[in-house]
2 protein chains.
Amino acid sequence: MPELPPHHPPVGRSKPAERIRAAGARATPARIRVLELLTAAASPQSHHEIELALGADSLDRVTLYRVLDWLVEAGLAVKHVDERRVWRFALASGGEHGGHAHFRCDCCSRVYCLDVPAPQPPDLPRGFTLARAELDLTGRCAVCNRSVK
Amino acid sequence: MPELPPHHPPVGRSKPAERIRAAGARATPARIRVLELLTAAASPQSHHEIELALGADSLDRVTLYRVLDWLVEAGLAVKHVDERRVWRFALASGGEHGGHAHFRCDCCSRVYCLDVPAPQPPDLPRGFTLARAELDLTGRCAVCNRSVK
DNA sequence: TTGTACTTGCAACAGCGTTGCATTTGCATC
DNA sequence: GATGCAAATGCAACGCTGTTGCAAGTACAA
């Protein structure tokens with residue numbers, strides 16, 4: 001069996017299987033596929049979207065839920081509730097997940113992370129202190145606009 | 001029929017029934033009770049909590065859902081999803097509800113509607129169309145800042 | 001290669017919210 | 001007051017997202 005390369009890559013960039021084992025769990029196909037998928041995703045994904053992305057030979061519904069929960073528990077992913085009350089999962093990137101806006105398509109529900117010039121803190125009433133500001137946009141995404149035209 | 005008092009009280013402080021009619025709907029017992037309850041509530045309430053608060057002769061589950069949705073649609077209340085994926089409703093206190101900026105206090109959970117100069121629609125990617133923009137702010141409100149000082 | 005604890009798949013379930021439809025009711029009008 | 005009708009309510013059934021229990025399968029350490 002070939003040895004690991006002598007220089008261990010930083011956790012954040014190592015291969016999915018390695019990251020999973022490093023978290024103390026078995027590197028199963030299910031976990032590897034989901035982790036790869038989240039790594040490639042440009043925005044937070046819902047359970048349903050991941051199922052679709054996995055395509056034909058998808059995992060069992062429940063297994064996917066458990067894999068996602070494990071990823072969160074292991075600190076490899078983060079989850080949050082979207083405006084439709086569904087969990088969305090994103091790779092846990094070290095930095096703050098702020099400073100950018102989210103666009104949610106009314107049509108397909110996809111969420112896009114936008115690079116916008118930081119929503120500028122408006123004037124708050126006297127005595128208020130701001131901790132976080134998030135800009136949430138909704139509308140139709142390019143994909144849906146194209147298909148319905 | 002008695003006329004309205006010559007000096008119209010500010011919308012935010014008029015009686016529930018008046019506020020409901022002012023929004024162009026019928027002042028039914030259901031809406032009045034729920035609006036009163038939200039007015040008295042110190043923090044955003046869930047559907048279930050409101051049901052309990054209404055006590056013995058509660059409304060029908062579905063009616064309560066509809067009343068709450070109507071309050072939001074009418075701009076008298078705001079709703080948001082909590083960490084358990086349930087809707088929580090709060091009185092829309094603050095300025096005229098035209099601007100779509102909300103401030104939620106991390107401490108007391110109260111929700112304030114802010115009058116801000118409409119968040120500037122950022123440049124969307126090609127093909128995207130914007131329907132709504134909402135600015136969600138969190139931090140500490142004046143009340144909490146004062147009391148903890 | 002083997003044993004075992006960890007994972008998976010399946011079935012059944014639970015919570016929260018929604019839809020359809022017949023009945024009731026607020027309120028504008030007479 | 002009485003009356004008519006759109007708006008609002010109550011009830012039943014449903015849907016979606018997520019969870020639990022348990023038997024069968026599998027990664028991996030030894």
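Each chain gets a letter, A, B and so on, in the order the sequences are listed, and its residues count up from 1.
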note: R61(B), atom CZ; dC11(D), atom P; distance rounded to Å ~ 12 Å

To the nearest angstrom, how far is R33(A) atom CZ from dT7(C) atom C1'?
15 Å

Side chain of V86(A) (C-beta onward), nearest among dT8(C), dT17(D), dG10(D):
dT17(D)

A27(B) or W87(B): which one's nearest nucleotide on DNA chain C is closer to the 5' end?
W87(B)

Quiz item: R85(B) side-chain donor-acceptor pair to dG15(C) base, under 3.5 Å:
no

Run the salt-bridge test on K79(A) and D69(A) with the 4.0 Å N-O cut-off and return the result as yes or no.
yes

Under 4.0 Å, heavy atoms only, any strand: does W70(B) hit a base, just the sugar-phosphate, or nothing?
nothing

Length of the line joining L64(A):CG and dT7(C):P, which is rounded to integer Å
16 Å

Stepwise side chain to side chain contact (heavy atoms under 4.5 Å, CB included) test for R88(B) and Q45(B)
CA-CA 5 Å; R88(B) 304 201 85 92; Q45(B) 304 287 299; 5.6 Å; no

Less than 4.0 angstrom between a side-chain N/O of R31(A) and OP1 or OP2 of dC6(C), yes or no?
no

Rounded distance in Å - CZ (R88(A)) to C1' (dC16(D))
15 Å

R84(A) CZ - dG15(C) C1' separation (whole Å)
20 Å

Which word best sums up how the rings of F103(A) and F128(B) line up, parallel for under 30°, tilted for 30 to 60°, or perpendicular for over 60°?
perpendicular

Remember a base hit wins even if backbone is also touched, and classify H47(B) as base, sugar-phosphate or nothing at under 4.0 Å, heavy atoms.
sugar-phosphate

Expressed in angstrom and rounded to an integer, what is the separation of L59(B) atom CG from dT24(C) atom C1'?
15 Å

With a 4.0 Å cut-off on heavy atoms, is D69(A) in touch with a base, just the backbone sugar-phosphate, or nothing at all?
sugar-phosphate

Mind checking if V62(B) touches a base, just sugar-phosphate, or nothing, with heavy atoms under 4.0 Å?
base

For the residue pair S46(B) and D82(B), confirm or rule out a side-chain donor-acceptor distance under 3.5 Å.
no

T63(B) side-chain proximity, nearest of dT9(D), dT7(C), dC10(C):
dT9(D)

Can you confirm whether more than 12 heavy atoms, excluding those of E73(B), are under 6.0 Å from its CD atom?
no

Is there a side-chain polar atom (N or O) of T28(B) under 4.0 Å from OP1 or OP2 of dT9(D)?
yes

Of A30(B) and R26(B), the one whose closest nucleotide on DNA chain D sits nearer the 5' end is R26(B)

Between dA8(D) atom C1' and I32(B) atom CD1, what is the distance in whole Å?
13 Å

Between Y65(A) and dG18(D), is there a side-chain N or O to OP1/OP2 distance below 4.0 Å?
yes

Is there a side-chain polar atom (N or O) of R21(A) under 4.0 Å from OP1 or OP2 of dC28(D)?
yes

Specify the separation, in whole Å, of atom CD1 of I20(A) and atom P of dT7(C).
10 Å

Taking the six-membered ring where the residue is Trp, are the ring centres of Y65(B) and H47(B) under 6.0 Å apart?
yes

